[in-house]
Q: 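Here it is, the structure in full.
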Amino acid sequence: MKCTYCGHTESKVIDSRSADEGTRIRRRRECLECGKRFTTYEVIEYTPILVVKTDGARQPFDPAKVKKGLVKACEKRPVSMQDIDDMTYRVEKQIYGALNDEVLSSYIGELVMKELKDKDHIAYVRFASVYRQFSDLTNFMDLIREFEESKK
């Protein structure tokens with residue numbers, strides 16, 4: 001494993017432990033060249049899942065895109081990166097847990113909206129406005145009414 005500080009390719013494992021409910025292994029490593037420590041993760045390699053876009057195009061599922069959307073929605077909100085990582089993990093888990101070769105992009109969007117709705121209502125509205133392509137204020141008002149009714 002390449003050292004993130006000096007680029008040396010030899011390191012030793014200091015500590016290993018299970019992470020994310022046993023789906024990843026977290027390893028603390030020490031570079032044999034510079035002596036600095038860094039963390040790596042070992043993950044299960046999944047069978048690729050294709051995302052079917054609204055125009056019918058297909059592309060491989062990329063959890064990094066889910067995380068990017070969550071980061072953008074949660075910008076300047078009191079949501080930690082750990083919370084964003086946890087939400088990304090739960091969405092990814094549901095997608096792979098469905099055991100389908102293909103998943104609709106709308107399904108992924110709904111999973112993300114559900115996570116945000118439970119975490120931060122402003123981030124939820126931000127994401128929904130982009131995801132649902134709001135064209136006017138009426139769309140916002142409908143979403144806010146829907147949100148308020150679900151909280152009752």
Q: Go through the structure and list residues passing side chain to side chain donor-acceptor pair (under 3.5 Å) with Glu33, not counting sequence neighbours.
A: none
Q: Which residues satisfy the salt bridge (Lys or Arg N to Asp or Glu O under 4.0 Å) test with Arg24, sequence neighbours excluded?
A: Asp20
Q: Are Tyr96 and Val91 connected into the same hydrophobic cluster when the rule is that any two of I, L, V, M, F, W, Y join if their side-chain heavy atoms are below 4.5 Å apart?
A: yes
Q: Is there a path of hydrophobic side-chain contacts, each under 4.5 Å between heavy atoms of I/L/V/M/F/W/Y residues, joining Tyr107 to Tyr124?
A: yes
Q: Taking side chain to side chain donor-acceptor pair (under 3.5 Å) as the test, write out the residues that go with Ser80, two or more places apart.
A: Asp83
Q: Can you name the side-chain contact (heavy atoms from CB on, under 4.5 Å) partners of Val13, sequence neighbours left out?
A: Ser16, Arg27, Arg29
Q: List in chain and number order the residues that pass salt bridge (Lys or Arg N to Asp or Glu O under 4.0 Å) with Lys114, two or more places apart in sequence or in another chain; answer none if no residue qualifies.
A: Asp118
Q: What pairs with Ile14 under side-chain contact (heavy atoms from CB on, under 4.5 Å), at least two apart in sequence or on another chain?
A: Lys12, Arg28, Glu30, Arg37
Q: Would you compute the distance between atom NZ of Lys2 and atom SG of Cys31 and round it to the nearest 0.5 angstrom?
A: 11.5 Å
Q: Could you tell me if the side chain of Arg77 sits less than 4.5 Å from the side chain of Lys119, heavy atoms only?
A: no
Q: Going by side-chain contact (heavy atoms from CB on, under 4.5 Å), name the residues that satisfy it together with Lys36, two or more places apart in sequence or in a different chain.
A: Tyr5, Cys34
Q: If you look only at pairs with a residue in residues 15-42, which of them pass as a ring pair (Phe, Tyr, Trp, His ring centres under 6.0 Å), with sequence neighbours excluded?
A: none
Q: Side-chain heavy atoms nearer than 4.5 Å, only ILVMFWY residues, links allowed to pass through others: does that put Ile25 and Tyr89 together?
A: no
Q: Measure the shortest side-chain to side-chain distance between Arg90 and Glu115 over non-hydrogen atoms and say whether it is less than 4.5 angstrom.
A: yes
Q: Grouping I, L, V, M, F, W and Y whenever their side-chain heavy atoms are under 4.5 Å apart, do Met81 and Leu116 come out in a common cluster?
A: yes
Q: Name all residues meeting the salt bridge (Lys or Arg N to Asp or Glu O under 4.0 Å) criterion together with Asp15; count only those two or more places apart in sequence or in a different chain, and write none if there are none.
A: Arg17
Q: Output a table of donor-acceptor pairs, distance under 3.5 Å, between side-chain atoms of residues 49-57 and any protein atom two or more places apart or on a different chain; print 'none' if there are none.
A:
from, atom 1, to, atom 2, distance (Å)
Asp55, OD1, Ala57, N, 2.9

Q: Please examine the side chains of Val79 and Met87, heavy atoms only from C-beta on, and report whether any two atoms are closer than 4.5 Å.
A: yes
Q: For residues 61-75, tabulate all N or O donor-acceptor pairs below 3.5 Å that involve a side-chain atom, not counting sequence neighbours.
A:
from, atom 1, to, atom 2, distance (Å)
Asp62, OD1, Ala64, N, 3.0
Lys67, NZ, Asp85, OD1, 2.8

Q: Distance from Leu32 atom CG to Thr9 atom OG1, nearest 0.5 Å?
A: 9.5 Å
Q: For the backbone of Ala123 and the side chain of Asp120, can you confirm whether one donor and one acceptor N or O come within less than 3.5 Å of each other?
A: yes
